[in-house]
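For ligands, and for the atoms within them, numbers begin at 1 and follow the listed sequence.
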Amino acid sequence: MIIDLLYLIAAVCFILALKGLSSPDSASSGNWIGIAGMVFACAAAYLSTDISDAIWTLFAICIGGGIGIYITKSVSMTSLPQMVAAFHSLVGMAAVLVAFSAYYAPNIFKIIDKLENIYKSSLIEMGLGVAIGAITFSGSLIAFAKLHEIYKGNAVPKELNAFLGSSVLCLIFYFVMTESSGAFLLIALFSFILGATLIMPIGGADMPVVVSMLNSYSGWAASGIGFTLHNDLLIITGALVGSSGAILSYIMCKGMNRSLLNVIFPSGQDVSGSKKSNAVRPFKQGSPEDAAFILKNAKSVIVVPGYGMATSQAQHALKEMSDLLKKNGTTVRYAIHPVAGRMPGHMNVLLAEANVPYDDVFELDEINRDFATCDVAYVIGANDVTNPAAKNDPSSSIYGMPIFEVDKAKIVLFLKRSMGTGYAGVDNELFYAQNTMMLLGDAKKTTEAIVKAL
Ligand code: NAP
């Protein structure tokens with residue numbers, strides 16, 4: 001009774017945690033509610049273990065908790081995506097191990113009938129659990145290696161993935177029909193290979209979508225474990241993680257105007273990095289002193305941060321600049337695009353780290369109309385999220401992606417190192433516009449120089 005109650009409280013905590021995490025100002029409390037939910041879940045798991053195993057359970061909780069605290073304290077903000085990928089691999093491996101335990105000791109899991117045969121429903125859960133778990137495990141490891149830049153990726157023939165995928169499905173069917181241990185081992189082996197070959201060809205910059213998708217897989221794997229272990233909390237939590245990961249992947253793809261299928265099965269075109277533009281066209285270049293003069297005379301400024309702000313770590317200098325401008329009576333607001341940077345919430349996290357007030361931060365729909373009435377758009381390390389080709393050029397790969405209409409501002413200050421393109425590899429007409437001033441150089445150094453000049 002007490003255990004069921006603890007599981008129920010934990011499940012409610014996880015749902016409230018997700019709700020809290022959906023907005024920056026409630027994210028911190030959402031995180032604490034999630035931690036409380038996990039404490040209740042661990043307490044319930046501990047109380048439900050046999051007394052002889054209780055010491056091992058306590059030992060596992062302490063070791064796992066200790067490693068978790070150490071990792072979260074030592075990992076830097078910019079390494080969060082690979083940390084998340086590494087954690088997903090553990091969920092995948094847990095699903096594989098539980099499925100194997102259930103297969104080799106079905107009596108302990110109470111999943112056998114009077115004739116000592118494993119229930120068909122449990123065989124389906126095991127087959128799917130081991131396949132999803134193994135794909136999540138190896139896929140997450142490859143995603144980790146790519147995000148950590150220790151592996152660049154390889155092309156994989158689509159036929160190989162098709163062969164592996166259909167083999168896994170046939171093997172699951174055969175396993176459910178025959179309970180064959182050989183088929184069970186082959187499901188695991190083929191799925192481990194499939195997880196790796198699916199992720200290997202995907203471009204480095206698409207990894208955030210992949211990580212979110214693997215997050216979703218790990219949730220479904222956990223849900224599968226929940227069915228095998230007859231644990232309602234795991235089923236609920238797994239379903240929450242599975243569906244939220246799927247929704248997040250969808251939102252990211254929509255923000256990039258790409259389909260999930262196009263991300264998972266890339267066309268072979270490299271979209272993973274900044275390319276140099278071949279065009280030699282006249283453009284206006286300014287100095288930090290010019291920019292300081294313009295900003296000093298502006299009544300309203302909208303800052304558009306992007307991936308370049310993250311790589312140069314310019315957020316603190318930016319906050320310093322905003323504070324100086326505010327003291328001067330200027331209104332300073334920040335405009336965050338849903339896919340700015342390289343992971344969801346990338347810009348929000350960096351701005352929060354620099355103590356930028358939440359009230360100054362606006363989403364695309366909330367602020368886009370205000371560019372028309374603002375004096376300066378300060379575009380710092382952003383590119384694609386401002387590119388008018390998304391509106392004007394139907395042949396462009398980013399056509400249809402919603403963008404900030406920074407071109408409508410009186411003056412656009414563009415901070416980047418070169419005239420090169422962004423992630424999508426598309427030239428940006430805005431660099432050559434009449435009202436644009438390019439401030440070429442590292443975003444942090446340029447902003448620091450502006451602060452000095454101000
Ligand atoms: P972006 O289009 O990739 O542009 C970033 C710009 O920053 C580059 O043009 C680069 O130009 C500049 N830059 C790099 N390092 C810099 C430095 N140290 N100082 C100054 N500038 C620097 O980035 P974005 O506008 O943020 O757009 C994000 C892109 O990523 C979108 O295409 C989106 O679809 C994609 N994406 C986002 C997510 C997500 O979840 N957020 C996930 C997957 C893909 P230089 O090289 O000339 O300096």
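- Judged by distance alone, with hydrogens and angles left aside, the side-chain atoms of Asp290 form a donor-acceptor pair with the main-chain N or O of Ser287 at under 3.5 Å.
- When atom types are taken as modelled, the side chain of Asp442 and the backbone of Lys445 share a donor-acceptor pair closer than 3.5 angstrom.
- Residue contacts with ligand 1: Val339 is placed with a nitrogen or oxygen under 3.5 Å of a nitrogen or oxygen of the ligand (distance criterion only).
- Between Phe404 and His337, the ring-plane angle classifies as perpendicular under the 30° and 60° cut-offs.
- By the 4.0 Å heavy-atom criterion, Gly441 is counted among the residues contacting ligand 1.
- Polar contact with ligand 1: present for Gly341 (N/O pair, distance under 3.5 Å).
- Checked against a 3.5 angstrom limit, the closest N/O atoms of Gly306 and ligand 1 fall outside it.
- Using a non-hydrogen distance threshold of 4.0 Å, His346 does not register as a contact of ligand 1.
- Looking at ligand 1, you'll find an N or O of Ala340 within less than 3.5 Å of one of its N or O atoms.
- When heavy-atom distances to ligand 1 are checked against a 4.0 Å cut-off, Ile398 has no atom that comes that close, whether in backbone or side chain.
- Every atom of ligand 1 is numbered from 1 in the order shown, and the set under 4.0 Å from a heavy atom of Thr421 is 9 (O).
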Can you list, pair by pair, the side-chain donor-acceptor contacts under 3.5 Å of residues 89-97, counting residues two or more places apart and other chains?
from: Ser89; atom 1: OG; to: Ala86; atom 2: O; distance (Å): 2.5

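- Ligand 1 has no nitrogen or oxygen under 3.5 angstrom from a nitrogen or oxygen of Ala424.
- The shortest separation from a heavy atom of Ile380 to ligand 1 is not under 4.0 Å, leaving the residue out of contact.
- Closest to atom 2 (O) of ligand 1 by heavy atom, among Asp384, Ile336, Thr386, Val304, is Asp384.
- Under a 3.5 Å cut-off, the side chain of Thr330 and the backbone N or O of Leu325 do form a donor-acceptor pair.
- Proximity of Lys416 to ligand 1, defined as any heavy-atom pair under 4.0 Å, is shared by backbone and side chain alike.
- Under the side chain to side chain contact (heavy atoms under 4.5 Å, CB included) test applied with Ile294, the options Asp375, Val301, Val376 reduce to a single match, Val376.
- Judged by distance alone, the side chain of Lys416 and the main-chain N or O of Gly420 form a donor-acceptor pair under 3.5 Å.
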